[in-house]
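The structure appears below as C-alpha cells.
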Amino acid sequence: MAVTGDDTAATGDMPTYQIRAPTAALPQGVVMAASPGSLHSPQQLAEEATRKRELRLMKNREAAKECRRRKKEYVKCLESRVAVLEVQNKKLIEELETLKDICSPKTD
DNA sequence: TCGCCCCAACGTCAAGAGGA
DNA sequence: TCCTCTTGACGTTGGGGCGA
C-alpha cells in the first residue's frame, strides 16, 4: 500500500489521501480475454463485450471498496489530529492564564 | 410486533487525472 | 488518443433503535 498516513497522524503533514496503489493482481475468478483475433461471430463479440463489462464492474467494485477504506483511514487520521490539537490548545490557554497571573500587577 | 427513521456499507455510473 | 485508476454522487440494502 502506498498510503502512509499513520506516521503523520496527529502531528505533521496530512497524509496524501489520493495516492495510486500499484496495480494489483486481478481479483479471484477473473480470467483474461481471449486474443481479439480469435473472435469472429456476432455472438462471440457480444460475449466478449459482456465479459469485458463484468470485468470492469468487478474491478471498479474492488476499487470503490479500497477507496472507501482509504477515506475512512484518512478521516480517522484527521480526527485524531484534531484531538491532539485540542489538547495542545487547552494547555497553551492554561499556560497563558498562568503567565498572565504572574505578570499582572497586584491591585490590593 | 410493526412501521419508521437513521446509518453504514455497498454497487454502479460518470467525470477527471495521468500514463503509455 | 486510448486506457486505467480514483473518487464523488446517487440509489439500494440490511441492521439497529424507538415509539405506537
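Every chain is numbered from 1, with letters handed out A, B, ... down the list of sequences. Since the model is a prediction, treat every value here as computed from it, not as a measurement.
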- prompt: Do A/Arg68 and C/dG8 share a donor-acceptor pair, side chain to base, under 3.5 Å?
  reply: no
query: How close or far is atom C1' of C/dT4 from atom CE of A/Met58, stated in whole angstroms?
result: 17 Å
task: Ignoring backbone atoms, test whether A/Arg61 places a side-chain nitrogen or oxygen under 4.0 Å from the OP1 or OP2 oxygen of B/dT12.
output: yes
- prompt: Does A/Lys71 have a side-chain nitrogen or oxygen under 4.0 Å from the phosphate oxygens OP1 or OP2 of C/dG8?
  reply: yes
query: Less than 3.5 Å between a donor and an acceptor, one on the side chain of A/Asn60 and one on the base of C/dC5, is that the case here?
result: no
- prompt: B/dG11 C1' sits how many Å from A/Glu62 CD, rounded?
  reply: 11 Å
field: A/Glu62 bridged to A/Lys59 by N-O distance under 4.0 Å
entry: no
- request: Mind running side chain to side chain contact (heavy atoms under 4.5 Å, CB included) on A/Glu73 and A/Arg69 for me, showing each step along the way?
  value: CA-CA 6 Å; A/Glu73 195 177 311; A/Arg69 191 194 64 75; 2.9 Å; yes
query: Counting only heavy atoms not in A/Glu97, do more than 12 sit closer than 6.0 Å to its CD atom?
result: yes
query: A/Arg70 side chain N/O closer than 4.0 Å to the phosphate oxygens (OP1, OP2) of C/dT7?
result: yes
statement: Taken to the nearest whole Å, NZ/A/Lys59 to P/B/dT12 is 15 Å
field: Rounded distance in Å - NZ (A/Lys65) to P (C/dT7)
entry: 17 Å
task: Could you check how far CD of A/Glu66 sits from P of B/dC10, rounded to whole Å?
output: 12 Å
message: Please report the distance, rounded to the nearest Å, between OH in A/Tyr74 and P in C/dG8.
response: 10 Å
message: Between P on B/dA9 and NZ on A/Lys72, what's the gap in Å once rounded to a whole number?
response: 4 Å
statement: To the nearest 0.5 Å, atom CG of A/Asp101 lies from atom CG of A/Leu96 at 9.5 Å
task: Check the distance between B/dA8's P and A/Lys76's NZ and give it to me in whole angstrom.
output: 14 Å
